[in-house]
Amino acid sequence: MNDVVAKQNAVVEQMQVSPLAEELAERFARAGHRLYLVGGSVRDALLGRRSGDLDFTTDARPDRVLKIVSEWGDAVWDVGIAFGTVGVTKKGMQLEITTFRADTYDRVGRNPEVTFGDTIEGDLLRRDFTVNAMAIELASKTFIDPHDGLHALAERVLDTPATPQESFADDPLRMLRAARFAAQLGFTAAPRVVDAMTSMAEEIDRITAERVQAELSKLLLAADPRPGLELLVDTGLADRVLPEVSGMRLAIDEHHQHKDVYQHSLTVLAQAIDLETSHEPTSEPDLILRLAALLHDVGKPATREFQAGGGVSFHHHEVVGARMARKRLRALKFSKEIIDDVSQLVFLHLRFHGYGKGEWTDSAVRRYVTDAGPLLSRLHKLVRADCTTRNRKKAAALQATYDDLEARITALKAKEDLDRVRPDLNGEEIMELLGLKPGPDVGKAWKFLKELRLDRGPLDHDDAVAELKKWAQAEGIGNS
């Protein structure tokens with residue numbers, strides 16, 4: 001036992017605890033209370049991960065906490081005080097201090113009946129995973145680990161302080177958090193956790209779509225979402241929150257070189273993540289690109305057709321997939337912008353395959369750029385990521401062909417404004433030339449000129465006028 005204590009104390013000494021935490025602990029000690037660094041803050045410190053926020057727990061009741069920090073912090077907020085949480089900002093760092101909790105749950109929804117506890121051990125017992133159930137009593141630098149979270153951290157295992165059944169019955173969102181931590185931290189769920197997630201998957205229906213969406217977004221934005229997604233699918237949770245993804249296991253992809261479309265999609269997601277920085281460096285993970293990569297082939301199961309000779313086709317799966325992606329993202333309460341962008345990328349992801357060996361006309365290239373609009377950079381990455389063939393020669397040929405398309409786009413952009421293709425005549429000019437008043441005919445004329453611009457590129461003013469008048473005469477519109 002002494003060896004365990006010595007090891008724990010050595011761990012604490014090696015940790016880089018913020019001077020602000022120690023300063024705050026001194027204030028609590030002078031007030032007769034103990035302050036503990038707790039949860040993810042301890043976990044991340046032990047993993048050597050930087051955390052911009054610090055979480056604390058204390059025996060002090062909320063009104064007492066508010067009094068202790070009010071004169072110390074640069075700003076204090078008490079919006080969570082009913083749940084025992086007081087927030088404080090100091091020197092640009094956010095800190096949250098929560099009174100020991102000993103909550104009970106009705107196991108119908110997710111909201112607990114808030115009860116304040118009296119011991120750190122009781123507080124840690126109610127936490128989601130043992131790696132989040134460690135604490136440091138800051139005044140004495142004592143490491144508190146009643147559930148062997150340090151060992152779980154070393155083994156990179158996710159387990160629960162109480163039984164998984166109790167933990168997930170209290171808060172089913174913890175099952176999604178397990179998948180998220182698998183993605184973010186590269187941890188493996190303990191067998192009993194996996195069993196509980198599998199048998200209790202339907203409990204996730206108690207959780208609001210907004211909270212499910214928040215966890216899924218965090219999972220997808222992790223460095224490697226694959227382990228988390230696989231855990232969701234393997235336990236059946238994906239059947240409740242992302243059924244289109246687990247549904248892709250039913251279809252074999254057209255190249256016959258992956259186990260199924262599901263595995264292909266996970267590979268595309270991984271390759272899209274790699275391209276986020278290698279193709280066009282960016283400082284932030286791209287949720288829209290990642291959602292599109294994961295969902296780009298969800299239309300395949302519904303469009304699968306077996307052909308004579310053993311072939312499989314998925315005609316128009318991009319159309320069906322875009323519709324399915326839109327429906328799922330709406331159900332998960334994603335923003336309209338994300339829904340529109342992801343579904344458009346899914347719709348466009350096959351367009352490039354008509355390029356052949358460069359047979360597209362300039363008109364087709366213009367339409368590709370125009371239809372993608374501000375999503376063009378993401379579409380480039382998605383199309384490149386969608387090449388998962390193991391045939392190196394074929395993969396190199398596909399990438400070279402896409403290089404050619406990008407080069408053609410660059411060349412056209414040097415000649416004309418491809419980012420904002422508009423008719424060569426504006427609405428006022430159309431009305432003046434044809435003697436029209438605002439109305440549907442002006443819109444039809446504008447659309448004609450837009451199509452003409454896409455087909456032929458920029459026209460001289462006189463040529464545009466002549467084409468407009470010829471079209472209007474044929475349509476019986478205006479005074480032409």
Side-chain angles (χ1 to χ4, degrees), residues 209 212-213 216 220 225 229 232-233 236-272 286-356 364 367-368 370-373 375-376 378-389 398 402:
V212 170
Q213 181 246 100
L216 290 176
L220 284 170
L229 291 168
L232 290 179
V233 171
L237 274 163
D239 293 338
R240 319 296 300 191
V241 298
L242 274 177
E244 295 80 5
V245 172
S246 53
M248 287 191 288
R249 289 179 298 176
L250 301 176
I252 299 172
D253 84 85
E254 67 270 33
H255 303 297
H256 299 283
Q257 293 179 351
H258 301 275
K259 185 166 63 176
D260 51 34
V261 174
Y262 163 64
Q263 291 293 335
H264 163 74
S265 297
L266 294 181
T267 300
V268 172
L269 173 59
Q271 293 184 167
D286 189 340
L287 181 60
I288 290 171
L289 175 64
R290 295 183 183 202
L291 282 166
L294 179 64
L295 301 176
H296 77 285
D297 274 349
V298 292
K300 281 190 170 179
T303 58
R304 178 177 57 173
E305 292 183 1
F306 296 102
Q307 299 173 329
V312 182
S313 67
F314 304 95
H315 294 307
H316 305 302
H317 76 265
E318 75 282 11
V319 178
V320 174
R323 190 161 58 242
M324 291 173 65
R326 181 177 291 276
K327 182 178 179 181
R328 175 53 47 197
L329 297 179
R330 278 178 177 164
L332 288 170
K333 306 296 184 182
F334 278 95
S335 69
K336 183 179 183 301
E337 177 187 22
I338 290 177
I339 294 170
D340 289 346
D341 287 352
V342 173
S343 57
Q344 181 70 351
L345 285 169
V346 172
F347 176 71
L348 292 174
H349 84 275
L350 274 188
R351 181 79 63 85
F352 161 71
H353 294 284
Y355 189 72
R367 291 178 186 279
Y368 188 77
T370 300
D371 288 348
L375 298 173
L376 182 63
R378 288 186 173 112
L379 184 59
H380 288 333
K381 296 170 191 157
L382 178 59
V383 173
R384 289 183 181 276
D386 195 24
C387 175
T388 60
T389 176
L398 283 169
Y402 205 84

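What's counted below: heavy atoms across the whole structure, side chains too, no hydrogens, waters or symmetry copies.
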On a heavy-atom basis, which atom in [X] and which in [Y] lie closest, and how many Å separate them?
X: A331; Y: A209; result: O-CB, 3.3 Å
X: M324; Y: G299; result: SD-CA, 3.9 Å
X: R290; Y: P225; result: NH1-CG, 4.2 Å
X: A385; Y: A272; result: CB-N, 3.5 Å
X: G247; Y: P301; result: O-CG, 3.6 Å
X: V342; Y: I288; result: CG2-O, 3.7 Å

Please examine the side chains of [Y] and [X], heavy atoms only from C-beta on, and report whether any two atoms are closer than 4.5 Å.
X: H317; Y: D297; answer: yes
X: L294; Y: V268; answer: no
X: L229; Y: L269; answer: yes
X: L242; Y: V233; answer: no
X: T267; Y: Q263; answer: no
X: F334; Y: R328; answer: no
X: V245; Y: L232; answer: no

Counting only N and O atoms by type, is there a donor-acceptor contact under 3.5 Å from the side chain of [X] to the main-chain atoms of [Y]?
X: E244; Y: L295; answer: no
X: R326; Y: S343; answer: no
X: R384; Y: K381; answer: no
X: Q213; Y: L329; answer: no

| task | Report the C-alpha separation of K300 and V320 in whole Å, then their side-chain angles, then the decisive distance to 0.1 Å, and conclude whether the side chain to side chain contact (heavy atoms under 4.5 Å, CB included) test is met. | result | CA-CA 8 Å; K300 281 190 170 179; V320 174; over 6 Å; no
| field | Atom NE2 of H353: over 12 foreign heavy atoms under 6.0 Å | value | yes
| field | Over 12 non-hydrogen atoms of neighbours within 6.0 angstrom of OH in Y368 | value | yes
| task | For side chain to side chain contact (heavy atoms under 4.5 Å, CB included), just list the numbers for L291 and L345, CA-CA rounded to whole Å, side-chain angles, deciding distance to a tenth of an Å, and then say yes or no. | result | CA-CA 10 Å; L291 282 166; L345 285 169; over 6 Å; no
| said: Working note: V298 + M248, criterion side chain to side chain contact (heavy atoms under 4.5 Å, CB included); need CA distance, chi angles, decisive distance, verdict. | reply: CA-CA 6 Å; V298 292; M248 287 191 288; 4.0 Å; yes
Just how far is it from atom [atom1] of [X] to atom [atom2] of [Y], taken to the nearest 0.5 Å?
X: H349; Y: L382; atom1: NE2; atom2: CG; answer: 7.0 Å
X: Q344; Y: L379; atom1: CD; atom2: CG; answer: 9.0 Å
X: H264; Y: D386; atom1: NE2; atom2: CG; answer: 4.0 Å

